[in-house]
Amino acid sequence: MSTKAKFQAIRGTRDLLPPETALWNRVEQTAHEVFATFGYGEIRPPIFENIEVFARSVGADSDIVSKEMYSLLDPPTWPEILEKLGNVEDYDRIEATFGIKQALTQSAWMAEIMALRPEATASVCRAYIEHNMQQLPQPVKLYYMGPMFRRERPQKGRYRQFYQIGAEILGGPDAPAIDAELIEMLMTFFDKCGLQGTELSINSIGHAADNCRRGYVAKLKAELEKVKDKLGADSQRRIETNPLRVLDSKLEHEQAIIEKLPRIADHLCDECKTHYAAVKRELELRGVIYRENWRLVRGLDYYMRTTFEITAQGLGSQNAVCGGGRYDGLVELLGGPPTKGIGFAIGEDRLILSLQDAKSQSPVTSHQSPSVYIAWMGERAYATALRAAKDLRKAGFVVELPPTELKFGKALERASKLGSRFALILGDNEVADGQWTLKTLADGSQQKLTEQALLEYLRKS
Ligand code: HAM
């Protein structure tokens with residue numbers, strides 16, 4: 001008979017299991033700590049929103065919205081429909097009035113369409129408006145972490161449910177130092193996690209005005225039309241929908257063509273040029289090492305001026321561990337006042353993969369083995385063991401207490417398997433003379449200690 005489980009996690013989703021989850025927690029804890037030192041507060045937006053929040057901001061033509069979003073229909077119940085229709089009292093009357101087909105159409109028409117969030121920047125902006133955060137001291141600095149959903153083709157580092165740790169700064173002045181400090185915080189976080197081989201790429205994609213990005217995109221489009229026949233189907237389509245995205249192409253045969261296309265840096269307006277130069281200067285002042293990449297345009301519509309991406313080692317083709325950029329105008333697009341904005345999102349799954357790949361010579365490790373395994377035998381010893389476990393845990397030690405009595409030999413075997421550092425041996429003799437036996441599992445040495453001395457010894461070791 002096959003041992004294959006009847007149910008499996010849905011394609012592109014997965015269970016995160018111990019001990020790996022300990023590493024996830026450490027990474028998240030590091031984010032809480034680092035972001036707090038930069039004055040950020042945590043926001044927890046809902047996992048689903050009205051679909052318009054994403055369609056309007058990420059862009060209806062973007063891959064994320066047009067192909068990858070999970071939408072949900074939330075149709076009203078019959079009593080809700082009846083209430084809305086007002087003059088029709090019951091289902092039979094609706095059917096008589098409209099016919100069943102039309103009655104159902106009515107329900108679909110009245111349904112709210114929601115989507116599982118593919119990202120959280122749009123939600124944060126929606127929340128900024130909803131909670132009148134423009135009345136708080138500006139800028140408002142927020143961060144979040146949690147699952148996102150995109151119906152992408154799953155592969156290593158690419159999932160349909162994945163996790164992001166992100167931060168956004170909303171409001172405040174037009175200061176390039178804001179862009180640079182956000183990136184500095186990001187690099188500080190990666191450093192604290194022990195992430196290896198990071199590379200920060202930056203670019204400026206100008207702003208929507210005629211004499212800046214619009215002029216450039218028109219020129220780019222004209223040049224792309226000339227080489228259209230040499231491009232693949234995706235790029236050909238993008239000439240019409242979003243010519244900037246052609247620059248993103250990874251297709252081997254398109255690279256030489258793309259390298260010859262006009263570059264945005266040569267088309268930025270004076271304001272955007274000044275802003276970009278100042279961001280670079282501010283990064284240098286902070287000792288942040290970057291590489292300029294004129295092809296870094298990013299796949300979401302809301303960006304302007306500064307864009308950036310970070311890659312890390314050990315990730316194969318999905319090596320972007322973080323992406324972000326400036327999005328002045330997004331809050332306004334969602335119905336709020338004109339507001340500046342910039343942020344990033346880290347792909348937590350990829351961050352973890354890269355940390356694991358580097359076998360983490362980092363301070364962040366996934367190890368959560370018990371420091372003390374309590375081997376007990378006998379009823380009196382059990383009562384003492386329970387009390388000892390309580391006291392040791394209170395003092396911050398990871399304690400494993402076997403729930404059933406085991407012979408000492410068996411218990412010590414288990415302790416070694418779990419990777420415990422110490423075994424506390426409690427039998428009737430130990431309890432009677434108040435001298436507990438502590439065994440160091442690495443070298444097998446043993447010593448007798450009183451309860452008080454034990455705590456002091458463990459604290460020092
Ligand atoms: P994004 O580039 O779409 O930007 O995603 C950010 C990061 O999330 C990526 O660099 C990647 O590490 C991770 N990621 C994206 N899709 C997947 C996937 N299917 N599986 C695993 N990881 C994935 C945003 O989401 C913007 N909201 C970032 C931002 C915040 N811009 C401004 N503020």
Side-chain angles (χ1 to χ4, degrees), residues 11-14 16 24 27 35 40 43 45 49 53-54 57-59 62-65 67-70 116-128 139-170 178-179 182-183 185-186 189-190 195 198-203 205 245 248 296-312 314-331 339-355:
R11 195 166 121 83
T13 73
R14 64 213 176 107
L16 304 173
W24 284 73
V27 160
F35 297 174
Y40 284 68
I43 176 171
E49 295 258 5
V53 173
F54 305 113
S57 49
V58 178
S62 66
D63 284 352
I64 295 175
V65 169
K67 298 194 219 150
E68 298 167 2
M69 207 149 62
Y70 287 99
L116 290 182
R117 62 181 186 191
E119 60 109 51
T121 308
S123 302
V124 174
C125 291
R126 195 258 315 128
Y128 179 86
V140 174
K141 302 179 184 180
L142 298 167
Y143 74 94
Y144 52 85
M145 46 186 80
M148 309 289 156
F149 306 85
R150 295 183 194 174
R151 200 171 188 286
E152 294 195 83
R153 196 169 46 77
Q155 65 179 90
K156 180 183 172 193
R158 189 160 73 190
Y159 311 100
R160 289 182 167 183
Q161 174 172 334
F162 61 99
Y163 295 78
Q164 283 188 343
I165 299 177
E168 316 288 348
I169 308 182
L170 291 159
I178 290 183
D179 306 39
L182 178 88
I183 297 174
M185 175 173 90
L186 185 55
F189 166 70
F190 282 148
L195 189 66
T198 49
E199 257 189 48
L200 164 68
S201 304
I202 62 166
N203 190 22
I205 57 167
R245 290 300 309 283
D248 255 359
L296 184 63
V297 292
R298 315 248 323 117
L300 299 84
D301 278 7
Y302 51 61
Y303 290 115
M304 49 94 68
R305 291 195 172 155
T306 314
T307 55
F308 54 94
E309 223 162 70
I310 291 149
T311 54
L315 293 172
S317 65
Q318 302 302 312
N319 65 349
V321 77
C322 175
R326 181 161 278 288
Y327 51 81
D328 302 356
L330 178 53
V331 168
T339 308
K340 310 234 165 280
I342 183 166
F344 64 75
I346 296 161
E348 196 177 354
D349 309 73
R350 295 184 191 176
L351 169 59
I352 300 279
L353 274 174
S354 184
L355 289 175

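Counting starts at 1 for both ligands and their atoms, following the listed order. Any value given below was found using the heavy atoms of this structure, including those in side chains, with hydrogens, waters and symmetry copies removed.
Distances below 4.0 Å separate heavy atoms of Gly323 from the following atoms of ligand 1: 10 (O), 28 (C), 29 (C). Near Tyr303, meaning under 4.0 Å from one of its heavy atoms, ligand 1 places the atoms 26 (C), 28 (C), 29 (C), 31 (N), 32 (C).
Side-chain atoms of Ser57 come within 3.5 Å of backbone N or O of Val53 as a donor-acceptor pair. Checking side-chain atoms of Arg305 against main-chain N and O of Asn203 turns up no donor-acceptor pair under 3.5 Å. A donor-acceptor contact shorter than 3.5 Å links the side chain of Arg160 to the backbone of Glu152. Between the Thr307 side chain and the Leu296 main chain, a donor and an acceptor come within less than 3.5 Å of each other. The backbone N or O of Gly59 sits less than 3.5 Å from a side-chain atom of Ser62, completing a donor-acceptor pair. At least one donor-acceptor pair under 3.5 Å links the side chain of Arg158 to the backbone N or O of Arg153.
When Glu168, Glu119, Glu68 are checked for heavy-atom proximity to atom 27 (N) of ligand 1, Glu119 turns out nearest.
Not a single N or O atom of Tyr327, backbone or side chain, sits closer than 3.5 Å to an N or O atom of ligand 1. Residue contacts with ligand 1: Gly324 is placed with no nitrogen or oxygen under 3.5 Å of a nitrogen or oxygen of the ligand (distance criterion only). The shortest N or O to N or O distance between Tyr159 and ligand 1 is under 3.5 Å. Considering backbone and side-chain N/O atoms, Arg150 comes within less than 3.5 Å of an N/O atom of ligand 1.
The aromatic ring centroids of Tyr143 and Tyr40 lie 6.0 Å or more from each other.
Heavy atoms of Leu300 found under 4.0 angstrom from ligand 1 belong exclusively to the side chain. Counting heavy atoms closer than 4.0 Å to ligand 1, residue Tyr302 contributes side-chain atoms (C-beta onward) but none from N, CA, C or O. When non-hydrogen atoms are compared, ligand 1 lies under 4.0 Å from the backbone of Cys322 (N, CA, C, O) but not from its side chain.
A salt bridge does not link Arg150 with Asp63: none of the charged nitrogens is closer than 4.0 Å to a carboxylate oxygen. Of the charged side-chain nitrogens involved, at least one lies within less than 4.0 Å of a carboxylate oxygen, so that Glu49 and Arg126 count as a salt-bridged pair.
A donor-acceptor contact under 3.5 angstrom links the side chains of Gln161 and Tyr163, judged on distance only. Judged purely by distance below 3.5 Å, without hydrogens or angles, the side chains of Tyr327 and Glu168 pair a donor atom with an acceptor atom.
Nearest non-hydrogen protein atom to atom 14 (N) of ligand 1 is Phe162 CE1, 3.5 Å. For atom 19 (N) of ligand 1, the nearest protein heavy atom (residue, atom name, distance) is Glu152 OE2, 2.6 Å. Considering only non-hydrogen protein atoms, atom 13 (C) of ligand 1 sits nearest to Gly347 CA, 3.5 Å. For atom 12 (O) of ligand 1, the closest heavy atom belonging to the protein is Ala320 O, 2.8 Å. Nearest non-hydrogen protein atom to atom 21 (C) of ligand 1 is Gly157 O, 3.2 Å. In terms of protein heavy-atom proximity, atom 30 (C) of ligand 1 is nearest to Thr121 OG1, 3.0 Å. Shortest contact from atom 5 (O) of ligand 1 to any protein heavy atom: Gln164 NE2, 3.2 Å. Of the protein's non-hydrogen atoms, the one nearest atom 4 (O) of ligand 1 is Arg298 NH2, 3.0 Å.
The aromatic rings of Phe344 and Phe35 sit perpendicular, their planes meeting at an angle over 60°, well past the 30° parallel limit.
Heavy-atom separations between Glu309 and ligand 1 are all 4.0 Å or longer.
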